[in-house]
Amino acid sequence: MRTLEAASVTAEVLTRPAHTDPEVHVRAPDTAAVLAFRSGRDGTGLVVLGPRTRASYLAPGDVPRCVTIRLRPGTARAALGVTMRALVDRTVLLRDLWGTSADTLLNRLAARDDAEVAHELAGALQERVRAGSAADSARAHLVDAAAGLLTGAGRVPEVARELGVSERHLRNLFHDAVGMSPKRYARIHRVRSVLAGAREEPWAELAAETGFYDQSHLSADFRALMGTPPGAFRAGRLPAPVPCGWSLL
């Protein structure tokens, strides 16, 4: 995993070579939309994973070569050309959003290595954002600022006051730009923070470190978003896996 220089567009880039994965793959809830280049036995493609409100568990099998880019909340709408409300909990072909320009981009990526693919994708996204209006840019900065405050354990009323907007305006911005409410955004971020320490740290300590009121609050949110209690997750007792949705496109 690494961060691209085009930070105004992306949060991080992850690359993964093609291989046969013997284990269930946990796809955690995610507040970000993801653009992915995939290449495998069934061909190549560019797909967009919308923000995910719940975890999914993918069956073992052939994992294609992937280069994925997570988009920052404020710039995802401008970069992809559609409200995130339309993409939440969905996976779509980039062609469905960009038309033939997505095919042109895909053709340029066919013979590139992972670093070159990442650079090309970031450049294409950056170009889309730069083509936006001044209002788009102002909205993106406001959403990114709110997202930063929410992930820093700020509460929605406090964040709205800090940014000088109403709670209603903040909620409307998030539904459009992120695909979910500010409250759900913060909830998913807390659970993702728990996952980073879920293997070793005591749950009570994790609850305090990640912004939950107490351990029971952590357990309730974790179960709701991950589909299993935190203790069962740590022990490897996961929900039944399903086929990877990318293979169904």
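Atom set for the values below is all heavy atoms of this structure, side chains included, hydrogens, waters and symmetry mates excluded.
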Fill in: salt bridge (charged side-chain N to carboxylate O under 4.0 Å, His left out): pairs with one or both residues in residues 202-228, sequence neighbours excluded
Arg187-Asp221, Arg190-Asp221
If you compare all heavy atoms of [X] against all heavy atoms of [Y], which two are closest, and at what distance to 0.1 Å?
{"X": "Met84", "Y": "Ala177", "result": "CG-O, 2.8 Å"}
{"X": "Ala32", "Y": "Leu71", "result": "CB-O, 3.5 Å"}
{"X": "Met180", "Y": "Pro51", "result": "CE-CB, 3.7 Å"}

Fill in: Audit row: Arg77, Asp176, salt bridge (Lys or Arg N to Asp or Glu O under 4.0 Å) steps and yes/no
CA-CA 8 Å; Arg77 187 185 190 283; Asp176 183 61; 2.8 Å; yes
Practice prompt. Check the pair Thr75 / Leu125 against side chain to side chain contact (heavy atoms under 4.5 Å, CB included), numbers first and verdict last.
Written response: CA-CA 9 Å; Thr75 52; Leu125 293 165; over 6 Å; no
Worksheet item: Are side-chain heavy atoms of Leu46 and Asp103 found at a separation under 4.5 Å?
Response: no
Worksheet item: What's the verdict on side chain to side chain contact (heavy atoms under 4.5 Å, CB included) for Leu163 and Leu149, showing C-alpha distance, side-chain angles and the deciding distance?
Response: CA-CA 10 Å; Leu163 297 176; Leu149 292 170; 4.1 Å; yes
Worksheet entry | Short N-O contact, Arg65 and Asp114, less than 4.0 angstrom | yes
Discussion item. Show every ring-ring contact (aromatic ring centres under 6.0 Å, His included) that has at least one partner inside residues 154-175, sequence neighbours left out.
Written reply: Phe174-Tyr185
Discussion item. Enumerate the ring-ring contact (aromatic ring centres under 6.0 Å, His included) contacts for residues 84-112, please, sequence neighbours excluded, ordered by first and then second residue.
Written reply: none
Practice prompt. Check whether Leu80 and Val88 end up in the same hydrophobic cluster, where Ile, Leu, Val, Met, Phe, Trp and Tyr are linked by side-chain heavy atoms less than 4.5 Å apart.
Written response: no
Discussion item. Quiz question: by atom type and distance under 3.5 Å, do the side chains of Thr104 and Asn107 form a donor-acceptor pair?
Written reply: no
Discussion item. Counting neighbours of CZ on Arg95 that are heavy atoms of other residues, nucleotides or ligands and sit closer than 6.0 Å, is the number greater than 12?
Written reply: no
Item to complete: Assess whether side chain to side chain contact (heavy atoms under 4.5 Å, CB included) is satisfied between Leu109 and Thr44, documenting all intermediate values.
Response: CA-CA 9 Å; Leu109 302 178; Thr44 61; over 6 Å; no
Discussion item. Determine whether Leu170 and Val156 satisfy the following criterion, side chain to side chain contact (heavy atoms under 4.5 Å, CB included), listing intermediate values before the conclusion.
Written reply: CA-CA 8 Å; Leu170 184 60; Val156 175; 4.2 Å; yes
